[in-house]
Amino acid sequence: MRVVVTGGAGFIGSHLTDRLLNEGHQVGVIDDLSSGRREQVSDQARFYEVSVASEWVGRVIARERPQVIFHLAAQIDVRKSVSDPLHDAEVNVLGTVQLLGAAARAGVARVVFMSSGGAVYGDTEVVPTPESHPLRPASPYGAAKVAGEAYLTAFATSFGLEAAVLRPGNVYGPRQDPHGEAGVVAIVSSLLLAGRAPVINGDGRQTRDYVFVDDVVEAALRLLQGPLGQYNVGTCRETAVVEVVAELSRAVSELRPGGDPPPNPRHGPAKDGEQRRSCLDCSLAASRLDWRAQVALPEGLRSTVAYFADRGPGYL
Ligand SMILES: NC(=O)c1ccc[n+]([C@@H]2O[C@H](COP(=O)([O-])OP(=O)(O)OC[C@H]3O[C@@H](n4cnc5c(N)ncnc54)[C@H](O)[C@@H]3O)[C@@H](O)[C@H]2O)c1
């Protein structure tokens, strides 16, 4: 199939691009490299350094004429969305509208939108949280994801596009940016490998649903043709930040037997308004897409640590 991946130079998008190419698809990547890396894009993909929020995106889609677009390009920093909600909306709302318009004009059959299971529900009454739970985003980032989903539905109705949505939990794995605010696994792995103590916000008992990037890519692949819908993509397991840090410390120690033990984490002040619990009910993806997360957390964390160790300290 002809496929376009927006955000294909980023963490999840580059893995998705690699997998699509491996499966024999033709892939065009759109990314403005605002946080992605050109070297993460396979040479087998056609690369367009273009913002999804610019009019150029229409020309790229008209040229590529994809059957399916995976829309992952986004400003992903929740804190930045709070300090500069207009910029967040420009990329995450207007960029999505611009892309959907281009898709409709070019007769694209299907758009798969990468929303966020961590951000669209806000604090929830039901844990694990099913897709039917009310959407009460607590950040402009989450609000933009809800808006993106709504625009997708509206374009599906108005232009006959097929619309599918993935709502992943906290995605982790190789290539995640350890410099941003997002991505506790990448940040803590890099710090521990560099012999620096990570700082845990508050008591570290806040929970998240950590899902390995390959599992998210597999869920996306199933939406190339699978049944449309909005799907949570997680493990249905709640893991506290302190547990993740402890597991990462073990992984670093195992990698360097006889070396200095990694430093103990420090506890800093709790973050105002931080969500206490987040865990996704993924039974819909299991029943309709026959998808289940395959990578257990200890295994995924070990391969992530190994990746950052290979890259050396210069990466931090
Ligand atoms: N990482 C997670 O835990 C997680 C969880 C839920 C949802 N998501 C969503 O998955 C998607 C990918 O996230 P990621 O973790 O790979 O982040 P990432 O920052 O690595 O990837 C985002 C990519 O989008 C590109 N981009 C940003 N603005 C753009 C623009 N205006 N035009 C074109 N490209 C642009 C960036 O350069 C980057 O390559 C995002 O939509 C994100 O909201 C991520």
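Please read these numbers as outputs of a predicted model, since none were measured by experiment.
Judged purely by atom type and a 3.5 angstrom limit, His25 has no side-chain atom pairing as donor or acceptor with the backbone of Arg2. Between the side chain of Gln40 and the main chain of Gly13, no donor-acceptor pair closer than 3.5 Å is present. Although no hydrogens or angles enter the test, the distance criterion places no donor-acceptor pair under 3.5 Å between the side chain of Arg63 and the main chain of Arg59. Remark: side-chain polar atoms of Thr6 are paired, donor with acceptor, to backbone N or O of Leu72 under 3.5 angstrom. When atom types are taken as modelled, the side chain of Glu131 and the backbone of Tyr231 share no donor-acceptor pair closer than 3.5 angstrom. Between the side chain of His15 and the backbone N or O of Pro174, at least one donor-acceptor pair lies under 3.5 Å.
Here the CD1 atom belonging to Ile61 is positioned 9.0 Å from the OH atom belonging to Tyr48, to the nearest 0.5 angstrom. Rounding to the nearest 0.5 Å gives a distance of 3.0 Å between OG1 of Thr96 and NE2 of His71. The distance from the OG1 atom of Thr239 to the CG atom of Asn170 is 10.0 Å, given to the nearest 0.5 Å. Between the CD atom of Glu125 and the CZ atom of Arg136 there is a distance of 4.5 Å, given to the nearest 0.5 Å. From Leu280, atom CG reaches atom NE2 of His133 across 11.5 Å, with rounding to the nearest 0.5 Å. If you take OG1 on Thr207 and CD on Glu243, they are separated by 9.0 Å, rounding to the nearest 0.5 Å.
Tyr141 is not connected to Val120 by any chain of hydrophobic side-chain contacts under 4.5 Å among Ile, Leu, Val, Met, Phe, Trp and Tyr, and they are in different clusters. In the hydrophobic clustering of ILVMFWY residues, with side-chain heavy atoms under 4.5 Å counting as a link, Val5 and Leu99 come out apart. Cluster annotation: Phe11 and Val41 are assigned to the same hydrophobic cluster (Ile/Leu/Val/Met/Phe/Trp/Tyr, side-chain heavy-atom contacts under 4.5 Å, transitive). Using a 4.5 Å cut-off between side-chain heavy atoms of Ile, Leu, Val, Met, Phe, Trp and Tyr, with links allowed through other members, Val199 and Ile187 fall into different hydrophobic clusters.
A donor-acceptor contact under 3.5 angstrom links the side chains of Thr124 and Thr129, judged on distance only. Looking only at atom types and distance, the side chain of Asp209 has a donor-acceptor partner in the side chain of Thr235 under 3.5 Å away. Glu274 and Gln206 form a side-chain donor-acceptor contact under 3.5 Å, judged by distance and modelled atom types alone. Between the side chains of Asn92 and Gln75, no donor-acceptor pair is found at a separation under 3.5 Å.
Ring planes of Tyr151 and Phe155: tilted class, angle from 30 to 60°.
Put simply, the residue from Leu94, Ile30, Asp31 that forms a side-chain contact (heavy atoms from CB on, under 4.5 Å) with Val52 is Ile30. Ser115 pairs in a side-chain hydrogen bond (donor to acceptor under 3.5 Å, both in side chains) with only one of the listed residues (Glu149, Lys145, Arg167), which is Glu149.
At a threshold of 4.5 Å between non-hydrogen side-chain atoms, the residues Glu23 and Leu224 do not count as touching. Two residues are said to be in side-chain contact when any heavy atoms from C-beta on lie closer than 4.5 Å; Val233 and Trp291 meet this criterion. Put simply, the side chain of Tyr121 reaches to within 4.5 Å of the side chain of Asn232, judged on heavy atoms. Between Val305 and Val185 there is no side-chain heavy-atom pair separated by less than 4.5 Å. Considering only heavy atoms from C-beta on, Cys282 stays 4.5 Å or farther from Arg292 through its side chain. Between Val68 and Glu162, the closest side-chain pair of non-hydrogen atoms is not below 4.5 Å. At a threshold of 4.5 Å between non-hydrogen side-chain atoms, the residues Val57 and Ser51 do not count as touching. Side-chain contact check for Ser189 versus Tyr172: every heavy-atom pair is 4.5 Å or farther apart.
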Handout entry: Glu254/Arg250 under salt bridge (Lys or Arg N to Asp or Glu O under 4.0 Å): CA gap, chis, key distance, verdict
Key = CA-CA 6 Å; Glu254 279 169 26; Arg250 274 194 287 279; 5.9 Å; no
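Atom CZ of Arg288 has more than 12 neighbouring heavy atoms from other residues, nucleotides or ligands inside a 6.0 Å radius. A 6.0 Å sphere centred on CZ of Arg276 holds more than 12 heavy atoms belonging to other residues, nucleotides or ligands. Residue Arg19 qualifies as enclosed at atom CZ: its count of foreign heavy atoms under 6.0 Å is above 12.
Val217 and Ile12 make their closest contact through CG2-O, 4.3 Å (heavy atoms, listed as atom of the first residue, atom of the second, distance).
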